[in-house]
Amino acid sequence: MIKANIAQAKARLSEYLQSVERGETVVLCRRNVPIAEIRPLPKLPMKKRPIGTDPGLKVPDSFFEPLPEDILRAFGGGGES
């Protein structure tokens, strides 16, 4: 953990951000009293999330195609013509 007063943090912000990227936490202080901390955000998962809860579920490509006009009209509140 790195502790830095505001003036020091202003002067060395890019250096501190590199430390944060490596996993360190920077505590910002005013007159040596901690007031805030800069810490790394959690890493986002690199793999796609599964669709549904069934690991064997296969979603056809047609699932992602636009809906037909009559169904779109029904969802729009106008109902079918």
Just how far is it from atom CG of Leu13 to atom CD of Gln18, taken to the nearest 0.5 Å?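 Answer rounded to 0.5 Å: 10.5 Å.
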Rounded to the nearest 0.5 Å, what separation is found between the CD1 atom of Ile38 and the CD atom of Glu24?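 Output value for this atom pair is 12.0 Å.
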Hey, is the main chain of Gly56 close enough, under 3.5 Å, to the side chain of Asp54 for a donor-acceptor pair?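 Side chain of Asp54 to backbone of Gly56, a donor-acceptor pair under 3.5 Å: yes, one is there.
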Measuring only between side-chain heavy atoms, which start at C-beta, is Val20 closer than 4.5 Å to Thr25?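 A side-chain contact is absent here, since even the closest heavy-atom pair is not under 4.5 Å.
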Quick one, Val27 and Ile2 - any side-chain contact, counting heavy atoms below 4.5 Å?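 Of all side-chain heavy-atom pairs linking Ile2 with Val27, none is under 4.5 Å.
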With salt bridge (Lys or Arg N to Asp or Glu O under 4.0 Å) as the rule and sequence neighbours excluded, what pairs involving residues 29-38 come up?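 As it turns out, the salt bridge (Lys or Arg N to Asp or Glu O under 4.0 Å) pairs with a partner in residues 29-38, which skip direct neighbours, are Glu37-Arg39.
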Going by the rule side chain to side chain donor-acceptor pair (under 3.5 Å), which residues pair with Asp61 if we only count those two or more places apart in sequence or in a different chain?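 Residues passing side chain to side chain donor-acceptor pair (under 3.5 Å) with Asp61: none at all.
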Non-hydrogen atoms of Cys29 and Lys3 that approach each other most closely: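 Closest approach of Cys29 to Lys3: SG-CE, 4.1 Å.
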Please report the closest heavy-atom contact between Ala9 and Leu28, naming both atoms and the distance.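 Smallest interatomic distance, heavy atoms only, reads CB-CD2, 3.6 Å.
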For Glu15, what residues pass the side chain to side chain contact (heavy atoms under 4.5 Å, CB included) criterion, not counting sequence neighbours?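 In terms of side chain to side chain contact (heavy atoms under 4.5 Å, CB included), with neighbours along the sequence ignored, Glu15 is linked to Arg12.
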Checking side-chain polar atoms at under 3.5 Å, does Tyr16 have a donor or acceptor matched by the opposite partner on Gln8?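 Indeed, the side chains of Tyr16 and Gln8 share at least one donor-acceptor pair under 3.5 Å.
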